[in-house]
Amino acid sequence: MQPAQFSSEERIGLLVALALHVGVVAVMLLQPVRDDAMPVPERMTVSLASEVSLESTAPDPVADSRAAIAPTLAEDPAPTTAEELPSEAQSDPEPTRPSVQPTTRPTSRPTTRATQTPRTRPSATPTPRGGSRIGSDFLPGSGSSTTTDDTRIPASQIGASAQASLRSAITRQLRPHWTAPQGVDAEKLVSVASWRLNPDGSLSGRPKCNTVGSSITPSNRPQANLHCERVIRAIQLAAPFDLPDQFYNGWKTISAWRFDRRL
């Protein structure tokens, strides 16, 4: 059996491979050994709850403070006694100094002021003052008017934050009933609606709707009328609206409400 013959390229490759192996072994032998060991992570204890509370366990919020109640004046106030009078009223006016000779100087003042009996006011029957001028409807704030507009904030005094909250509440109640029509370029349609509401949130008449002309294209023109019909249907299904009564002057008339695919 003849020994294997290697070409010059094979011999060179064999020598290079052998040199690389020797280098790897040398690097492993010369590498310093680390003395510090990796810390062992601490054990974590996990407890699984078997029951989930359906109600919040947070403490109740602080109750609103009670409104101030005007005091009622007594019809027959008790007469003022001598003890309730100020100290100046209990004593007599300054007594008259005794007349003395010009050449004689008095050694001390007379002590009649301290020994006199305090005077009391005559026990006359006082005139009745009457009761409180604030009626029993003071806390509700309704006054003597028969309408309920006295308790509602005027539209001009409703702040920007309250107006934004009203718009969010109206949009939130309209969205479940709003479905935009489908078709070519139907997503470009925009309609503007206006409607009036009664104090209980119900509709006062039929809503009015107009499709914005700039949003109508030759492709979506057939869906323009359907777009407004679905706007009116969404408003009717959302009524009666649940809105705060004190801001009724701000939502009794809703105008220029925009309806599009992103409502």
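The shown structure was predicted, so the numbers you read here are calculated from the model rather than taken from an experiment.
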message: For Ala193 versus Ile235, what's the shortest heavy-atom pair and its separation?
response: CB-CD1, 3.9 Å
- line: Distance col, row Thr171:OG1 vs Leu166:CG, nearest 0.5 angstrom, shows 10.5 Å
statement: Tightest non-hydrogen contact, residues Leu243 and Ala169, listed as CD2-CB, 3.8 Å
message: Could you check whether any side-chain heavy atom of Pro240 comes within less than 4.5 Å of a side-chain heavy atom of Asp200, counting everything from C-beta outward?
response: no
query: Is it the case that more than 12 heavy atoms not belonging to Arg261 sit under 6.0 Å from its CZ atom?
result: yes
- prompt: Hey, any chance Ile158 and Tyr248 share a hydrophobic cluster, counting ILVMFWY side chains that come within less than 4.5 Å of each other, even indirectly?
  reply: yes
query: Do Val192 and Val231 share a hydrophobic cluster, counting only Ile, Leu, Val, Met, Phe, Trp and Tyr and linking them when any side-chain heavy atoms are less than 4.5 Å apart?
result: no
task: Check Lys188 against Asn220 and note the closest heavy-atom contact, atom names and distance.
output: CB-ND2, 4.1 Å
- request: Give, for atom NE2 of His177 and atom CD of Gln236, the distance between the pair rounded to the nearest 0.5 Å.
  value: 11.5 Å
- prompt: Of the non-hydrogen atoms in Asp185 and Ser219, which two are nearest, and what is the gap between them?
  reply: OD2-CB, 3.5 Å
query: What are the two closest heavy atoms between Ile153 and Asn249, and how far apart are they?
result: O-ND2, 3.0 Å
query: Do Met28 and Leu20 share a hydrophobic cluster, counting only Ile, Leu, Val, Met, Phe, Trp and Tyr and linking them when any side-chain heavy atoms are less than 4.5 Å apart?
result: no
message: Ignoring hydrogens, what is the shortest heavy-atom contact between Thr179 and Arg230? Give both atom names and the distance.
response: O-CD, 3.0 Å
message: Is there a side-chain contact between Phe259 and Leu174 in this structure, where contact means two heavy atoms from C-beta onward sitting under 4.5 Å apart?
response: yes
query: Within a strict 4.5 Å, meaning less than it, do heavy atoms of the Asn198 and Leu203 side chains meet?
result: no
message: For Gly201, is there any backbone N or O sitting under 3.5 Å from a side-chain donor or acceptor partner on Trp251?
response: no
field: Separation between CD of Glu187 and OG of Ser215, rounded to the nearest 0.5 Å
entry: 11.0 Å
query: Can you check whether Leu197's main-chain N or O pairs, donor with acceptor, with Ser204's side chain at less than 3.5 Å?
result: no
message: Within the structure provided, determine whether Glu10 and Leu14 are in side-chain contact (heavy-atom separation under 4.5 Å).
response: no
Spacing of OG belonging to Ser191 relative to CG belonging to Leu263, to within rounding of 0.5 Å: 11.0 Å
message: Nearest 0.5 Å, please: how far is CZ in Phe247 from CD in Gln163?
response: 10.0 Å
query: Taking it one step at a time, do His227 and Thr211 satisfy side-chain hydrogen bond (donor to acceptor under 3.5 Å, both in side chains)?
result: CA-CA 8 Å; His227 197 270; Thr211 303; 4.9 Å; no
Spacing of CG belonging to Asp260 relative to CH2 belonging to Trp178, to within rounding of 0.5 Å: 8.0 Å
- prompt: Does Ile170 reach the side chain of Trp257, with side-chain heavy atoms less than 4.5 Å apart?
  reply: yes
